[in-house]
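Below you'll find the structure, written out as structure tokens, and then a few comments.
The residues of the chain are indexed from 1 along the displayed sequence. In listed order, ligands and their atoms are each counted from 1.
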Amino acid sequence: MAHTLFNDEYKYHIKLKQGDVGRYILLPGDPGRCEVIAKWFDNPVKVAQNREYVTYTGTLLGEKVSVTSTGIGGPSTAIAVEELAMVGAETFIRVGTSGAMQPGIVVGDLAIVTAAIRDEGTTRQYMPIEFPAVANIDVTLALRAAAEKLCLTFHLGVSQSKDSFYGEVERDRQPLAEQLNARRRAWIAGGAVCSEMEAATVFVVSSILHRRAGGVMLIVDNQFAEAGNEPHHQILDRLISTGIEAIKLLIEQDRVVRR
Ligand SMILES: O=P(O)(O)O[C@H]1O[C@H](CO)[C@@H](O)[C@H]1O
Ligand SMILES: O=c1cc[nH]c(=O)[nH]1
């Protein structure tokens, strides 16, 4: 039976049609971050806003690029990736905020996410848990090259993608504190670098759709250390500039391959 909701030219949630976005998409969770990111594009235009999904499209190196917010968590993120792919998106870079998972990682550092712990529910409705949430190697290498070029401090590694922000950041007051703390100790022992809420979904859904995805996170909290004194808006440029530079590198590489 046909799903009438899915046949519209404009996709149901993101309200975008083919041609509205470029092949390269930055994915912040926060809709408010889209306008800030779009200022880094040439000729940015707001092309849609619906629910948590805000989209701007512009160009970088003459190539059409876009930024779309995913909202918080797996369900809305899966919808964003699915519908963006339907209208022509090929490469996704999540640009998010996160908490540090290792003592040596401090507020203002970047985490370039190579894979994600599927500590959430959305991707279980796509793939059995044995399937890994892994970033695309070319996107990851572009993010690393971008952070190096910009002389930013970064950590490469695994992110914990979770569903409950307060269940995790306020673990000790939760009814399941013991289990939550034991699981967190396991992620830390395994070397996880950061904790956030969407990378696993971006990676698994992109894998299934045969699209490329990677992720860079700005560390905004560290439960091992006293808070730093740099306001988030001052360090946000590190996150955005790394995502923008990585897209430029990928555009250049893709042009060589296509030639
Ligand atoms: O800054 P964004 O991209 O929203 O990412 C992080 O911030 C939100 C929680 O505050 C979650 O979405 C988490 O993944
Ligand atoms: O610990 C943190 C900090 C920011 N965002 C998260 O999802 N977790």
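- When every heavy atom of Ser195 is checked against every heavy atom of Gln160, the shortest pair comes out as OG-OE1, 2.7 Å.
- Between Asp20 and Lys11 there is no salt bridge, since none of the side-chain N atoms of the basic residue sits less than 4.0 Å from a carboxylate O of the acidic one.
- When the heavy-atom distances from atom 6 (C) of ligand 2 to Met197, Met217, Lys162, Gln160 are ranked, the shortest goes to Lys162.
- With distances taken over non-hydrogen atoms, the option nearest atom 2 (C) of ligand 2 out of Gly29, Gly99, Cys194 is Gly99.
- Any N or O atom pair closer than 3.5 Å counts here, and Gly96 shares no such pair with ligand 1.
- Of the possible donor and acceptor atoms, none in the side chain of Arg118 sits under 3.5 Å from a partner among the backbone N and O of Ala133.
- The hydrophobic clustering, which links ILVMFWY residues whose side-chain heavy atoms are closer than 4.5 Å, places Ile235 and Leu239 together.
- Contacts with ligand 1 closer than 4.0 Å are made by side-chain heavy atoms of Arg94 only, the backbone lying farther away.
- Heavy-atom contacts of Asp30 reach the following atoms of ligand 1: 4 (O) (cutoff under 4.0 Å).
- Ligand 1 places these atoms under 4.0 Å from at least one heavy atom of Glu196: 14 (O).
- Atom 9 (C) of ligand 1 has as its closest protein heavy atom Phe165 CD1, 3.7 Å.
- Salt-bridge check for Lys162 with Glu168: failed, with every basic side-chain N at 4.0 Å or more from each acidic carboxylate O.
- Under the 4.0 Å criterion applied to side-chain N and carboxylate O atoms, Arg23 and Asp254 are not assigned as salt-bridge partners.
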